[in-house]
Amino acid sequence: MISRSLAALLCALVAVTACSAGQGAPRLGEPSALPSSSASTPSSPSSSPSSSPPGSGAAVPAGYRELVGRFVEAINRGETRRVADVFAEDATFDSVGRIYRGRAEIMGRFLEPEVIRAGGRYSLLRVAPGGAGRVVAEFDYDTGHGGKEHFTYDCAVSGGRFTDCVGRYV
C-alpha cells in the first residue's frame, strides 16, 4: 500500500511533468474557453493582443480590456500593490482547482509567491468576452525558472475589479 505522502508526491510529479511538456492539465468545469487558432502567435509584452477570437463578432468592453492590461503590466513589473488593486477585497480565484478566497489570500498564497517573487512573466495573447460580466484572457507564461505554460483566466468583473477568476491550462 502506497502511503498518502508518496501518492501526493507522485501526483505532483505527474502534474509538473505534464506542464513542463506543454501538455497542460484537463480543462474540466471551465466556465468558457477560447477556441484555438493555428494562426495565433505569442505577442511581446508591448504588442496589442487581439480583442476577441477571430470571427466571433463580440466586443470586449474597454474597461475589461484595460483591467486585464493593468494586471499584466503590474504583475510583470512585480508591483504587488497594483496587482492586488485589480482584485475585489472578497474576490475568489480558482487556479486549476486550487481555490483562493479574498484578495489577501490570492496575493499571499498564490500571486506573490508563485509569480511575483518567482520572477514569472505573462505575455497576453488575447482578450475575449466571457459570459455575462466576464472577460477571458489568454496568456503564455514564463515561470522565471525555464518553464513555459499556456492558460486562460476567465474572470467576472464588477466595480472595475476582478471578483471571480478561473484559471485553466489550454
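- Classification of the F87-F162 ring pair by plane angle, with boundaries at 30° and 60°, yields tilted.
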Steps toward side chain to side chain contact (heavy atoms under 4.5 Å, CB included) verdict (E79, I116): CA-CA 8 Å; E79 297 174 346; I116 296 171; over 6 Å; no
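- Within the 4.5 Å cutoff, no side-chain heavy atoms of F139 are placed close to those of T152.
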Acceptor/donor pairs from residues 106-115 side chains to any protein atom, 3.5 angstrom cut, sequence neighbours excluded:
from : atom 1 : to   : atom 2 : distance (Å)
R109 : NH1    : E105 : OE2    : 3.2
E114 : OE1    : R98  : NH1    : 3.3
E114 : OE1    : R98  : NH2    : 3.1
E114 : OE2    : R98  : NH1    : 2.8

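- Contact detail for A137 and L124: the closest heavy-atom pair is CB-CD1, 3.9 Å.
- Formation of a donor-acceptor pair under 3.5 Å by the R121 side chain with backbone atoms of Y141 is not found in this model.
- Closest approach of V170 to E138, counting heavy atoms only: CG2-OE2, 4.5 Å.
- Side-chain contact between F71 and I75 is present, with at least one heavy-atom pair separated by less than 4.5 Å.
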Residues D142, E149; criterion side chain to side chain contact (heavy atoms under 4.5 Å, CB included); working and verdict: CA-CA 7 Å; D142 180 332; E149 298 176 354; over 6 Å; no
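- Using a 4.5 Å cut-off on side-chain heavy atoms (C-beta onward), R103 and R161 make contact.
- Residues D154 and R134 meet the side-chain proximity criterion, which asks for heavy atoms closer than 4.5 Å.
- E73 and R82 are joined by a salt bridge, as a carboxylate oxygen and a charged side-chain nitrogen come within less than 4.0 angstrom of each other.
- Between S95 and Y100, the shortest heavy-atom distance links the atoms CB-CE1, 4.1 Å.
- Remark: R101 pairs with no residue by the salt bridge (charged side-chain N to carboxylate O under 4.0 Å, His left out) rule, at least two apart or across chains.
- Side-chain contact of Y153 with Y122: a donor-acceptor pair under 3.5 Å is present, judged by distance alone.
- Sorted by first then second residue, the disulfide (SG to SG under 2.5 Å) pairs that include residues 133-170, not counting sequence neighbours, are C155-C165.
- To the nearest 0.5 Å, atom OG of residue S123 and atom NZ of residue K148 are 8.0 Å apart.
- Within the 4.5 Å cutoff, the side chain of R126 has no heavy atoms near those of the V136 side chain.
- Taking the side chain as every heavy atom from C-beta outward, T163 and V157 never approach each other to under 4.5 Å.
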